[in-house]
Amino acid sequence: MPRKILGLSAFYHDSAAALTADGETVFAAHEERFTRLKHDASFPGQAVLACLEQGGRRLPGGKPLTLGDLDAAVFYEKPLLKFERLLETHYARAPGGLRQFTAAMPVWIKEKLFLKKVLRDKLSGLGLRGAEGVKLLFTEHHLSHAASAFYPSPFGEAAILTVDGVGEWAAGSIGHGRGGDIEVLREQRFPHSLGLLYSAFTYYTGFRVNSGEYKLMGLAPYGEPGSGAVKKFREKILSELADIKPDGSLRLNQDYFDYAVGPRMVVEEKWEELFGLPPRAAESALTREYCDLALAIQEVTEETVLKLAREAKRLTGSKNLCLAGGVALNCAANGRLLRENIFDGLWIQPAAGDAGGALGAALAAHHIYFGEPRAGGGKDRMRGALLGAEYTEADALAMAAARGAVWERLENGELFDRTAGLLAGGAVVGWHQGREEWGPRALGNRSILGDARDPEMQRKLNLKIKHRESFRPFAPSVLAEDAGLYFEKSSASPYMLLTDYVREERRESRPDAYASLAPLEKLRLRRSDIPAVTHLDYSARVQTVDAGDNPRYHALLGAFKKRTGCGLLVNTSFNVRGEPIVSTPGDAYRCFMRTELDYLVIGNLLFDKKQQPPWREKL
Amino acid sequence: MRETLKDLWNFLRARKKWWLLPVILALLAVGALLVLTSGTAVAPFVYTFF
């Protein structure tokens, strides 16, 4: 019988569950996809049920598991260590932070201190046999991240870098993975944190902490590189806010920050005095100053990540690097890390944020607690990150019948060809196939697709379909074998976690007055022959699609290439702003009908918007 | 409850953070008082005390 371990991540943000069997990931899912609450932090009950039900069916024997079948359930961090941090931090700052302390303590005393009991009760509440007997284990937050980065990677030995806001005490770590072992060599400790520094700027520029960091990263290229304003902001960050050492460790000047014991990320008055601009109100106009500020913190972050990587190389002597933690979702920093060639191999966990901790916790228990060896093989073991729930054609047909939806069933060859034709004609298509993705990126199974050559596609997708800010860029999916035709570095990037630059010959030159244009005026300029996925600095957050990882998506890209000569599409997650990525056929159809999507494909069923009955919210 | 107290004890011993013990005990005592007295006639006593 394989050793089966359930990993859990919950109660902070992005809760998730993952099932491993003999160190292989069988199933992994985010709770938000089931509950439809974005960044849902509650106990991942539905994800656990899916792990046991759908994951169990994929194991020898082919039947759903009960909790009694598990060798252990592992929570991704240690609550008592976190409690220690809370007490010590408040003690050190007392009497400051009293209000925050009194707000936090009841939750700890009633619930979080008794997490073992809470977890056991929640597992019992699922109505499955064996909840009382489950062995409950706890791993450290950054060990969970490190395990999620190293064990599924193709490397037998690698340096491991984890960087995020904060776990228990650690806000980052450098480790060394060898076979089944992970040795932690260095830690960056709270309150000094690169992730929290980036989040502080996210907050100050009017975006939401823990989810708006992508927006800040997307805003950075609107800043003017090398300009006086960016230089000035950088100098202020490095002289007043953060003392960043050559080894990448840092100390944040706590006079400017409030997050340690207060309800705000920063002391706004001091920041306003320092940078000479007030905190930006959410949804207000984006002026050049905020773009320059975004660029300054992005540059500082990238440089710090490079320093950390060089230190990891110095400490381990390894040729390979594995990355995880929320900062590892900063694909611009990752792309720069790749281009610097510090390591021969770079691998990033697709669910690099806290959700990925569920998988890391399970893998850490398997290899470290149970001492099981790690299978070799030298290949990426994330199966294209297609590890989540899958729905059958019968599910889609039942949904269609209930909705009175009109569909057409096409065999594979015709489906790919027809869909490619629709895309080439300018249509925007919702593409729902197979197992859903693990991690925040849609990778071709829960995606909205469009023609990247269409100069109007970015605005159309942002404003008419995704209902999100028009400055935000879109990412390309490209046939892996064609990546070199479009991008400079053209490295494998299956999880859309690396930026690359559009090749020089595809770019269009900027007008002389470019620097003086307002941010959104810059957006309207055509930047390349694939304008919908070319960001202002000619970068693109590339997904390379391999036929082995996702044959159906590869076939669609191939059909589009056959028709147009271009093996590349815009790929954005199948959701609207504020909602999680769609999971079920019903979610997909709802999103399709509520937006200006033109077509929907679920498995082999094609839905044409023009033929659908009027949308009713309730059946 | 017993399991949690045992875990706390082991944690303090492993971390050698004995100074946290009175803080944690006081917090647990306050917590217990709040839980026990919530919705009872004793509740006003708690409010005047804190």
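By convention in this document, chain letters (A, B, ...) are assigned in the order of the sequence lines, proteins followed by strands, and residues within each chain are numbered from 1.
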Inter-residue atom distance K117(A).NZ - R2(B).CZ, 0.5 Å rounding:
14.5 Å
Nearest-0.5 Å distance that lies between atom CG in L27(B) and atom CD1 in I109(A)
4.5 Å
Quick check: do D7(B) and K116(A) have side-chain heavy atoms less than 4.5 Å from each other?
yes
Do V23(B) and Y91(A) have side chains that get closer than 4.5 Å, going by heavy atoms?
no
Step-by-step side chain to side chain contact (heavy atoms under 4.5 Å, CB included) determination, F83(A) to I24(B)
CA-CA 10 Å; F83(A) 189 57; I24(B) 292 172; 3.8 Å; yes
Within a radius of less than 6.0 Å around [atom1] of [X], do more than 12 heavy atoms belonging to other residues, nucleotides or ligands occur?
X: W9(B); atom1: CH2; result: no
X: R99(A); atom1: CZ; result: no
X: R129(A); atom1: CZ; result: no

Cationic N near anionic O, under 4.0 Å, K17(B) to E84(A):
yes
Stepwise, does the side chain to side chain contact (heavy atoms under 4.5 Å, CB included) test hold for T4(B) with L115(A)?
CA-CA 9 Å; T4(B) 305; L115(A) 196 62; over 6 Å; no
